[in-house]
2 protein chains.
Amino acid sequence: MQGAARQSLTERASGADPSLDGKGPLFGQIKRAVAGQILRGRWQAGERLPNEEQLSSLYGVSRQTVHKAIALLAREGFLVRRRRAGTFVASVRNDRFALPIEDIGDVIARSGGVYEFRILDRKTLRNGEAIRWPDVPDGTPLLSLECLHLSDGAPIQFERRLVNLDAVPEVADEPFDSVAPSRWLVNQVPWSSAEHTVKAVNAAADIAALLGVEPGTACLSIRRQTVHLNRSITLVHFLSVGERFSLSGSSITDSATELNL
Amino acid sequence: MQGAARQSLTERASGADPSLDGKGPLFGQIKRAVAGQILRGRWQAGERLPNEEQLSSLYGVSRQTVHKAIALLAREGFLVRRRRAGTFVASVRNDRFALPIEDIGDVIARSGGVYEFRILDRKTLRNGEAIRWPDVPDGTPLLSLECLHLSDGAPIQFERRLVNLDAVPEVADEPFDSVAPSRWLVNQVPWSSAEHTVKAVNAAADIAALLGVEPGTACLSIRRQTVHLNRSITLVHFLSVGERFSLSGSSITDSATELNL
DNA sequence: CGGCTGATTATGTACATACATTATCGTCGC
DNA sequence: GCGACGATAATGTATGTACATAATCAGCCG
């Protein structure tokens, strides 16, 4: 269906482009062709590609189309481009391990468990009084929450959270009797950047008691700070029993997906 | 689909001053302007944007330039576009927590430590003999490695690795006396996708002895499988002392970075 | 009423052209 | 030899134009 319709676009007489597969838009075909050369190792790291002019005559398309394909590949990290110097195969792909940011309730529900949460503690205070959140000015009103997440009745994650009441004043009126704080915040407050730290810790006695495990049990500790409009929104610390909780994710380059590599 | 909330933003936009900031390329200014409206909450999730024609006259640029800006924002997940229907503010940003995939030697070197590694064990075997790697056919020749990474002489990470010798036969001849396996593989073999699992475990006695900690110490466990050209390349399991090692990263949307939000 | 169908509309792709931006390279002058 | 400097070659941006594609909408007809 695609192939036939495409020919009517511009009946290019030659069409002798052995490397293009004829599927989908031209710029996508170019992307696949070039990414294929790289992923299959034919164009080695650091090598210089033909320039846009050469590629355009090689593939029989206009420079704009080549430019779009190559610029996208550069944006995806396969290529590095320097004016006047040319286009090079990226020597190091600065790949990233991507983990989805999900509400734990969703995760539990999806895995078939029954999700519950309990608010263990809730108070408002000012920064610097009992707790200091370094990235927020002293004296800023904060909401402090402690919360336990359960799957099928078993404690699975302990959450300690600070919310900047200057940035999100509405949260003060929210009872959190049906919606968990994390979900409420995700739905309510957009964020523009988040920082995470993940480490492993041995459970202290009080946390262990809450989570129903022996003191010293390995727990995954996730600290997340969310920022929006130059203001810190929330600082949250999750502690989860190692046995019952893990993070997982995959990194797949778009081009690899297209190529079925 | 989203029944009610499709009011045109054209009139509202006349109230909001669409002035561009004049910094950098036009399409980038448009991106910032539009992303700003969304991130500041002026254009709500599900709302419909003015079409490219309207935006182009609103900002006084050509449709192509608007198209480029909007298409990029759509690619970044801020917008959803449907032909004939229009462009809508994405209701859910499927945000991801990105962790860099780095060689531990680099990490240690950057933090000023002296990096060393020791190969503790090396053997070749066939899949299914002593070990089974589920994603690889039984009988496939494998290289099995155990390796310890040290920072300033102190053990910091234990690595157990399987390499598919059908996919990377050259690895059989590599002595790994100066280059660590992870670095060798990163430089040698491109990969197109990787899967990770992160959890916390209590160190078993033998691992604890290797890492020089008490048995039961919380360790971060990272499992990574790398795939290329539809073949599994390597399966590696890292165990690091929680005290001495953590993962950290940040997720920042490109547009937010540009906006300094 | 309900389904088919064709017109309409918004996005998507492609090409041509022009000019801007910048490293790089080679040459000139010292 | 070495530094300044301009020519040059590559990518980057912007616009115009044309047509393709897809989904919606309205109206027609059964």
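All chains are named by letter (A, B, ...) in the order of the sequence lines, taking the proteins before the strands, and each is independently numbered beginning at 1. These numbers come from the heavy atoms of this one structure, side chains and all, not from hydrogens, waters or symmetry mates.
A perpendicular orientation is assigned to the rings of B:W184 and B:F176, their planes being inclined by more than 60° (bins at 30° and 60°).
The pair B:R223-B:E195 does not meet the salt-bridge criterion, since no charged nitrogen lies less than 4.0 angstrom from a carboxylate oxygen. Checked for salt-bridge contact, B:D166 and B:R231 miss the test: no charged N lies under 4.0 Å from a carboxylate O.
Between D:dA14 and B:T65, no contact under 4.0 Å exists linking OP1 or OP2 to a side-chain N or O. Distances shown here put every side-chain N or O of B:R63 at or beyond 4.0 Å from the OP1 or OP2 atom of C:dT11. OP1 or OP2 of C:dT11 sits under 4.0 Å from a side-chain N or O of B:R81. Taking 4.0 angstrom as the limit, B:T87 places none of its side-chain polar atoms (N or O) nearer than this to OP1 or OP2 of C:dA10.
Residue-to-nucleotide proximity on DNA chain C shows that, of B:E52 and B:Q64, the 5′-proximal contact is made by B:E52.
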Check against salt bridge (charged side-chain N to carboxylate O under 4.0 Å, His left out), B:R81 and B:E52: CA-CA 11 Å; B:R81 316 197 78 188; B:E52 295 186 352; 2.9 Å; yes

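Between the P atom of D:dT11 and the CD atom of A:E53 lies a distance of 9 Å, rounded to the nearest Å. One atom, NZ of A:K68, and another, P of D:dT11, lie 18 Å apart when rounded to the nearest Å. As a whole-Å value, the separation of B:L72 CG from D:dT13 P is 10 Å. With rounding to whole Å, A:R48 atom CZ is found 15 Å from C:dA23 atom P. Atom CZ in A:F27 sits about 4 Å away from atom P in C:dT13, given to the nearest Å. Whole-Å rounding puts the A:R84 CZ to C:dT22 C1' distance at 10 Å. Protein atom NZ of B:K23 is 18 Å distant from nucleotide atom P of D:dT13, rounded to whole Å. Taking atom CZ on B:R82 and atom C1' on D:dC25, their separation rounds to 14 Å, with Å as the unit.
Distance from the side chain of B:P25 is smallest to D:dT13 among D:dT13, C:dT13, D:dT15.
Here the CZ-CD1 distance, from A:F245 to A:I108, works out to 8.0 Å after rounding to the nearest 0.5 Å.
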